[in-house]
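Basis for what follows: all heavy atoms, side chains included, without hydrogens, waters or symmetry-related copies. We're numbering straight along the sequence, starting at 1.
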Amino acid sequence: MLDHLAGFANRRARRIVIAAVLVAIVAGAVGGDVASRLGPYHAKDPASESIKATNRLTRATGLDQEQVVAVVSLHGAAQSASGRAQIADVARVLRADREIGHVVTPFAGGSARMISRDGRFAFLTAYFRRTVDTPKAVDRLKDRLRPHRDVQLGGYAAASRAANRIVSEDLARAELLAFPLLFLLALWFFRSLVAAALPPLVGGLAIVLTFLALRGISEVMHLSVFALNLVTGLGLGLAIDYSLFIVSRYREEMAKSGPGRAALAATLRTAGRTVLFSSLTVAAALASLLVFPQRFLYSMGVGGTLVALIAAGVALVVLPAILALLGERVNALAPKRLRLAAGADARPANSGAWYRLSQFVMRRPARVAVAAAAVMIALGLPFLGVRLTTVDATVLPKSEQARKVDTLLATRFLPHTTSPVTVVATTRSASEVRAFAQRLGSVRGVRAVLPPVRVRPDLWQIDAVSKSRALSGASQQLVKRIRALHTPFDKGVTGQSASFVDQKASLSAHMPLALAILAVTTLLILFAMTGSVILPIKALVMNALTLSAAFGVLVFVFQDGRLEGLLHYTSQGALDSSQPLVLLAIAFGLSTDYGVFLLSRIKEARDRGAPNSEAVAMGLERTGRIVTAAALLFCVAIGAFATSRIVFIKELGVGTAAAVAIDATLVRALLVPSLMELLGRLNWWAPRPLRRLHARLGLREDVGPAVAVTGGRA
């Protein structure tokens with residue numbers, strides 16, 4: 001198949017490139033506004049009790065339960081004529097908005113709890129109608145309130161809108177920061193200006209095509225805007241990886257047979273096959289997120305799977321066409337120093353720094369393996385003390401209005417009034433509800449119970465204010481105690497605390513299936529590539545070590561509050577509950593990605609007759625520089641997320657960069673060669689039936705005639 005693809009790319013090179021340019025223009029025009037069509041973070045399970053209870057209230061009232069909160073800085077006492085006039089004036093502005101369905105003030109439907117303890121502030125809550133486009137409605141409301149300099153807008157809806165806006169801005173800034181640095185690094189690693197321009201072209205095309213696909217998918221399913229961050233970082237990173245591997249191999253083959261179809265065919269049979277398997281492993285890893293019902297997670301799965309497959313498609317179709325057109329000009333515009341370095345790259349595979357390093361490692365494999373594993377286990381130890389949280393206004397920069405409102409509500413008012421534990425009761429008996437509310441007041445952890453509100457004849461809302469923050473362990477225990485109460489009527493418990501309890505339960509329930517998909521697909525794909533059952537199992541173990549080390553780094557930095565000044569964030573004292581899962585999928589896929597690069601060259605050398613130890617050394621020499629370059633470039637691409645003003649996006653950038661750096665150094669340079677040496681021929685073992693199956697399916701790579709172990713290329 002890859003031979004036919006090489007022939008097609010060679011014969012139709014000009015048409016393929018022209019078609020790619022036209023498709024990129026259309027994709028950019030149609031998919032360019034995809035961010036405006038995607039939703040907020042949303043990590044809730046639609047099947048959970050909290051969401052079902054919230055939906056009952058929404059259907060009964062016709063109101064979105066995710067309120068906005070307007071905090072008013074009063075000129076006089078709240079009970080004074082001027083204070084009441086200020087509050088009434090803000091209420092009029094809110095009610096004048098056609099999208100606002102209900103407004104609560106301290107004097108209309110509310111209580112004295114909506115006035116600060118020092119009397120200098122008051123807040124109003126407003127509920128949008130259920131059919132509203134919330135982001136646009138929040139923007140419109142902020143415009144209406146802009147002349148009122150004594151009013152600040154916050155609450156869940158305003159915080160979500162602020163987060164979406166910041167993500168879009170940060171995405172553009174990260175791209176501006178990453179692209180120039182990526183180009184300079186690519187120039188160094190690719191050795192010529194022409195070759196260095198190829199990864200941005202492949203990455204840019206992969207990204208705009210994925211944006212177009214997400215634009216179409218958003219018409220039939222709800223997706224989170226945060227998927228765009230992953231698409232950009234992963235698209236650039238994979239484009240760099242695949243371009244490096246294909247261009248480097250094309251140069252090798254071109255040095256042997258000259259430019260043309262033969263070099264292109266040999267490149268795709270070897271490096272192209274590796275890219276194909278690599279993209280499948282990354283896509284399969286990201287696809288494991290699709291089993292989660294949370295919008296944030298399955299959006300990451302959709303975006304990550306698409307960009308991995310699309311990046312491979314571009315690298316296997318468009319990039320060969322460009323190489324066919326360029327021929328030897330792929331090495332053009334190379335400074336003299338880089339031309340000399342390029343010549344050094346063409347030395348035999350049994351010489352060079354990486355070859356010598358592998359020989360050093362394999363002379364003492366047990367000690368190196370134990371030392372490398374010990375370092376990775378030590379890095380992972382902090383993860384044993386991980387604490388989890390979820391997104392609220394505290395993830396926003398302190399300068400954001402919604403964050404300021406959250407701070408005011410927490411410090412100036414009766415704490416946690418705007419984030420109660422809400423009981424939705426289905427009954428027509430007012431006496432039963434009053435009796436339950438009285439019982440609720442005596443539950444440990446409840447600060448106050450607000451008067452029950454009759455939503456409709458058979459539906460009541462009872463709000464219990466917790467003594468602790470909504471996302472704290474104490475409030476989560478309070479939710480469980482309230483749910484355990486026996487009542488003569490049907491009840492559901494919702495609110496921010498209940499949603500977080502349900503979110504963690506849902507993640508735990510779906511995680512075994514996701515891990516099973518991750519493990520099984522990796523085993524199958526790596527077996528298809530290598531014909532071994534030992535190498536895939538070993539890859540799983542090494543990936544687990546890499547992930548534990550990266551998780552430990554995240555806990556050390558973000559949970560423990562290290563490097564707050566350098567990274568410009570405020571620790572939440574915990575990690576976002578969804579980040580370990582996203583990092584698990586991304587880092588697992590990328591670790592397997594680099595493993596595929598290395599194993600493909602080791603297998604190629606072995607298939608050509610090299611002994612196990614020599615094949616490992618030759619494979620590491622051929623891929624050491626490429627994997628290191630790819631890892632560094634990927635760290636720049638994904639590490640740019642560390643500049644985001646949203647803390648859990650920083651976590652994603654730093655965690656992924658840490659995983660990639662650990663995998664490209666400790667794992668590929670030390671652990672892989674030492675374990676390959678210890679296992680020897682056992683590396684390539686598979687039961688006879690599986691060996692026959694592998695041969696029958698024709699998955700063995702055609703590496704051409706054998707070469708001498710000394711002096712030949714692997």
Side-chain angles (χ1 to χ4, degrees), residues 39-54 156 160 163 221-224 226-227 229-230 284-305 380 383-392 394-395 470-473 475-477 479-480 483 492-521 543-544 547-548 550-552 554-555 558-559 572-589 646-649 651-652 655-656 659:
Y41 173 79
H42 207 285
K44 299 171 183 176
D45 184 347
S48 64
E49 177 183 334
S50 55
I51 294 299
K52 289 178 179 178
T54 298
Y156 183 87
S160 294
M221 65 187 297
H222 296 296
L223 296 175
S224 169
F226 293 102
N229 291 68
L230 178 63
L286 270 299
S288 67
L289 295 176
L290 298 176
V291 306
F292 293 96
Q294 287 80 8
R295 180 190 300 171
F296 174 76
L297 289 175
Y298 72 67
S299 297
M300 290 290 195
V302 170
T305 302
F383 191 63
L384 295 176
V386 67
R387 295 187 296 274
L388 300 176
T389 186
T390 191
V391 173
D392 62 7
T394 61
V395 305
L471 301 180
S472 67
S475 289
Q476 293 174 58
Q477 290 301 317
V479 168
K480 295 174 183 177
R483 284 178 170 171
V493 180
T494 186
Q496 191 176 7
S497 305
S499 294
F500 186 39
V501 169
D502 291 342
Q503 177 188 333
K504 292 200 299 182
S506 175
L507 295 179
S508 298
H510 290 88
M511 190 179 298
L513 178 58
L515 292 177
I517 292 173
L518 202 63
V520 171
T521 54
N543 287 356
L547 286 166
S548 67
F551 288 154
L554 275 185
V555 170
F558 290 99
Q559 180 174 298
Q572 293 178 284
L575 300 183
D576 179 75
S577 58
S578 61
Q579 288 311 302
L581 292 169
V582 176
L583 180 57
L584 170 70
I586 298 173
F588 192 96
I646 303 295
V647 67
F648 66 87
I649 298 296
E651 291 173 10
L652 181 61
T656 306

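- Shown are S506, S224, S48, S299; of these, the side chain to side chain donor-acceptor pair (under 3.5 Å) with Q294 is made only by S506.
- With a 4.5 Å cut-off on side-chain heavy atoms, F383 and S548 do not count as touching.
- Checked by atom type and distance alone, the side chain of S497 never pairs as donor or acceptor with a backbone atom of Q476 at under 3.5 Å.
- The aromatic rings of F296 and F648 sit perpendicular to each other, their planes meeting at more than 60°, with 30° as the lower class boundary.
- The shortest side-chain heavy-atom distance between E49 and V501 does not fall under the 4.5 Å cut-off.
- At a threshold of 4.5 Å between non-hydrogen side-chain atoms, the residues H510 and D45 count as touching.
- Side-chain contact between F551 and V386 is absent, with no heavy atoms from C-beta onward closer than 4.5 Å.
- With hydrogens and angles ignored, the 3.5 Å screen pairs a side-chain donor or acceptor of T494 with a backbone N or O of S50.
- A distance of 5.0 Å separates OG1 of T656 from CG of L583, quoted to the nearest 0.5 Å.
- For the atom pair T390 OG1 and Q496 CD, the distance stands at 8.0 Å (nearest 0.5 Å).
- Nearest heavy atoms, F588 versus A285: CD2-CB, 4.4 Å.
- Closest approach of P46 and I51 over heavy atoms only: O-CG2, 3.7 Å.
- Counting heavy atoms from C-beta on, the side chains of L584 and L518 come closer than 4.5 Å.
- Counting heavy atoms from C-beta outward, L575 and V555 have side chains that approach closer than 4.5 Å.
- Of all heavy-atom pairs spanning A284 and T521, the tightest one is CB-OG1, 3.5 Å.
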Using side chain to side chain contact (heavy atoms under 4.5 Å, CB included), reason through M300 and I586 one step at a time and then give a plain yes or no.
CA-CA 10 Å; M300 290 290 195; I586 298 173; 6.0 Å; no
Going through the checks in order, is the side chain to side chain contact (heavy atoms under 4.5 Å, CB included) test met by K44 and D502?
CA-CA 8 Å; K44 299 171 183 176; D502 291 342; over 6 Å; no
I'd like to know whether L388 forms a side chain to side chain contact (heavy atoms under 4.5 Å, CB included) with L507, so could you lay out the CA-CA distance, the side-chain angles of the two residues, the decisive distance to 0.1 Å, and finally the verdict.
CA-CA 12 Å; L388 300 176; L507 295 179; over 6 Å; no
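- The two residues A514 and V291 have their closest heavy-atom pair at CB-CG2, 3.7 Å.
- Not a single donor-acceptor pair under 3.5 Å links the side chain of S475 to the backbone N or O of L471.
- Under the 3.5 Å distance criterion, the side-chain polar atoms of Q559 are matched with a main-chain donor or acceptor of R387.
- Proximity of a side-chain donor or acceptor of T305 to a complementary backbone N or O of A287 within less than 3.5 Å is detected.
- Looking at every heavy atom in both residues, L286 comes nearest to G304 through CG-CA, 3.8 Å.
- If you check the side chains of S577 and Q503, you find a donor sitting under 3.5 Å from an acceptor.
- Closest approach of F558 to V647, counting heavy atoms only: CD2-CG2, 4.1 Å.
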